[in-house]
K.L.:
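For reference, the structure I am asking about is given below.
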Amino acid sequence: DQQVKQNSPSLSVQEGRISILNCDYTNSMFDYFLWYKKYPAEGPTFLISISSIKDKNEDGRFTVFLNKSAKHLSLHIVPSQPGDSAVYFCAASVGPGNQFYFGTGTSLTVIP
Amino acid sequence: DAGVIQSPRHEVTEMGQEVTLRCKPISGHNSLFWYRQTMMRGLELLIYFNNNVPIDDSGMPEDRFSAKMPNASFSTLKIQPSEPRDSAVYFCASSPRGGRGPVGIQYFGAGTRLSVL
């Protein structure tokens with residue numbers, strides 16, 4: 001059973017606009033969350049993380065929001081750029097050094 | 001640093017054959033992970049090692065799959081006999097532990113695309 005779910009397989013956004021990628025989880029023990037980005041023919045690369053003691057973490061154009069009561073996190077990219085076109089995976093773990101549970105990914109296309 | 005190195009990048013084999021995937025983790029990393037990526041299930045953890053010791057292999061689909069880590073710089077994932085449903089991209093990742101480096105972040109290799117005909 002998927003403990004981390006990304007219900008939108010794909011998303012298209014115009015360049016310069018905001019991209020919002022969503023992720024839901026079921027395990028209330030998860031306390032560390034990450035987003036990974038994957039280009040074709042490459043491995044996933046770490047993008048941004050957040051621990052459960054925070055509800056927001058920002059890194060440049062990327063912001064991750066965590067809503068623990070809803071068991072929901074989202075990744076905001078603003079402004080979106082064509083180079084952001086990739087598959088984005090969210091992941092969760094119980095503690096930062098433990099097993100990650102990944103979602104199925106959302107393919108983002110930023111249209112120039 | 002060269003990053004996590006996986007070989008081969010592509011493997012095409014026939015059903016029933018043995019397949020061996022290889023991984024060299026980042027030097028100094030203590031944890032190593034094997035994942036399988038499919039459309040339906042995304043990135044599934046198959047097995048992971050801490051300090052060369054298998055910690056959790058509950059994700060290994062069945063007895064046809066086995067993984068070893070004979071030393072800190074090398075790991076293999078073997079499928080014997082292979083079946084068409086094993087076709088997927090297999091990723092290896094490594095992570096530092098014990099406070100060295102950014103704990104919790106896994107660094108992935110480029111993957112091995114396996115096709116079993």
K.L.:
Do the ring planes of Phe33(B) and Phe100(A) sit parallel (below 30°), tilted (30 to 60°) or perpendicular (above 60°)?
P.N.:
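Parallel: the ring planes of Phe33(B) and Phe100(A) meet at under 30°.
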K.L.:
Does atom CD of Glu14(B) have more than 12 heavy-atom neighbours, drawn from other residues, nucleotides or ligands, at distances under 6.0 Å?
P.N.:
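Incorrect, the count does not exceed 12.
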K.L.:
Write down the atom of Lys38(A), the atom of Phe91(B), and the distance for their closest heavy-atom approach.
P.N.:
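Scanning both residues completely, I find the closest heavy atoms to be CE-CZ, 3.4 Å.
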K.L.:
Rounded to the nearest 0.5 Å, what separation is found between the CD atom of Gln2(A) and the CE atom of Met40(B)?
P.N.:
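So the CD of Gln2(A) and the CE of Met40(B) are separated by 9.0 Å.
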K.L.:
I'd like to know whether the aromatic ring centres of Phe108(B) and Tyr36(A) sit less than 6.0 Å apart in this structure.
P.N.:
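Yes, close enough.
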K.L.:
Heavy-atom pairs under 4.5 Å with chain A - which of Met39(B), Arg113(B), Glu44(B), Arg9(B) has more of them than the others?
P.N.:
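Heavy-atom pair counts peak at Arg9(B).
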K.L.:
Hey, is NZ on Lys54(A) packed in by over 12 heavy atoms from elsewhere, all under 6.0 Å?
P.N.:
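No.
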K.L.:
Might you confirm whether atom CG of Asn71(B) has over 12 heavy atoms from other residues, nucleotides or ligands at distances under 6.0 Å?
P.N.:
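Yes, because the 6.0 Å sphere around CG of Asn71(B) holds more than 12 heavy atoms from other groups.
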K.L.:
If you compare all heavy atoms of Thr104(A) against all heavy atoms of Arg41(B), which two are closest, and at what distance to 0.1 Å?
P.N.:
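Taking every non-hydrogen atom into account, CG2-C, 3.7 Å.
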K.L.:
Out of curiosity, does Met60(B) fall in the hydrophobic cluster containing Val89(B) (side-chain heavy atoms, cut-off under 4.5 Å, transitive links)?
P.N.:
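Per the 4.5 Å side-chain linkage, Val89(B) and Met60(B) are not co-clustered.
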K.L.:
Keeping the roles fixed (side chain from Tyr35(B), backbone from Phe102(A)), state whether a donor-acceptor pair exists under 3.5 Å.
P.N.:
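Not confirmed, Tyr35(B) side chain does not pair with Phe102(A) backbone.
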K.L.:
Would you say Val4(A) ends up clustered with Phe65(A) if hydrophobic residues are merged whenever their side chains have heavy atoms under 4.5 Å apart, either directly or through other cluster members?
P.N.:
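No, Phe65(A) does not connect to Val4(A) through the hydrophobic network.
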K.L.:
In terms of heavy-atom pairs under 4.5 Å with chain B, which of Ser49(A), Pro9(A), Ala41(A) leads?
P.N.:
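When all of Ser49(A), Pro9(A), Ala41(A) are compared, Ala41(A) has the most.
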K.L.:
Report whether Val19(B) and Leu77(B) are members of the same hydrophobic cluster (ILVMFWY, side-chain heavy atoms less than 4.5 Å apart, transitive linking).
P.N.:
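Yes, because Val19(B) and Leu77(B) connect within a single hydrophobic cluster, where side-chain heavy atoms sit under 4.5 Å apart.
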K.L.:
Is it true that Ile50(A) and Val78(A) fall in one hydrophobic cluster, defined by side-chain heavy atoms closer than 4.5 Å?
P.N.:
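Each belongs to a different hydrophobic cluster.
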K.L.:
Any residues in residues 10-21 of chain A near chain B, with a heavy-atom distance under 4.5 Å, and which are they?
P.N.:
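At a heavy-atom separation under 4.5 Å, chain B is reached by no residue of residues 10-21 of chain A.
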K.L.:
Would a single hydrophobic cluster contain both Tyr107(B) and Tyr90(B), if residues Ile, Leu, Val, Met, Phe, Trp and Tyr are joined by side-chain heavy-atom contacts under 4.5 Å?
P.N.:
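They do not share one cluster, since no chain of ILVMFWY contacts under 4.5 Å joins Tyr90(B) to Tyr107(B).
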K.L.:
Does a side-chain heavy-atom distance below 4.5 Å link Leu43(B) with Pro44(A)?
P.N.:
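In short, these two side chains touch, coming nearer than 4.5 Å.
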K.L.:
Can you measure from CD (Gln99(A)) to OG (Ser31(B)) and round to the nearest 0.5 angstrom?
P.N.:
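Result: 12.0 Å between the selected atoms.
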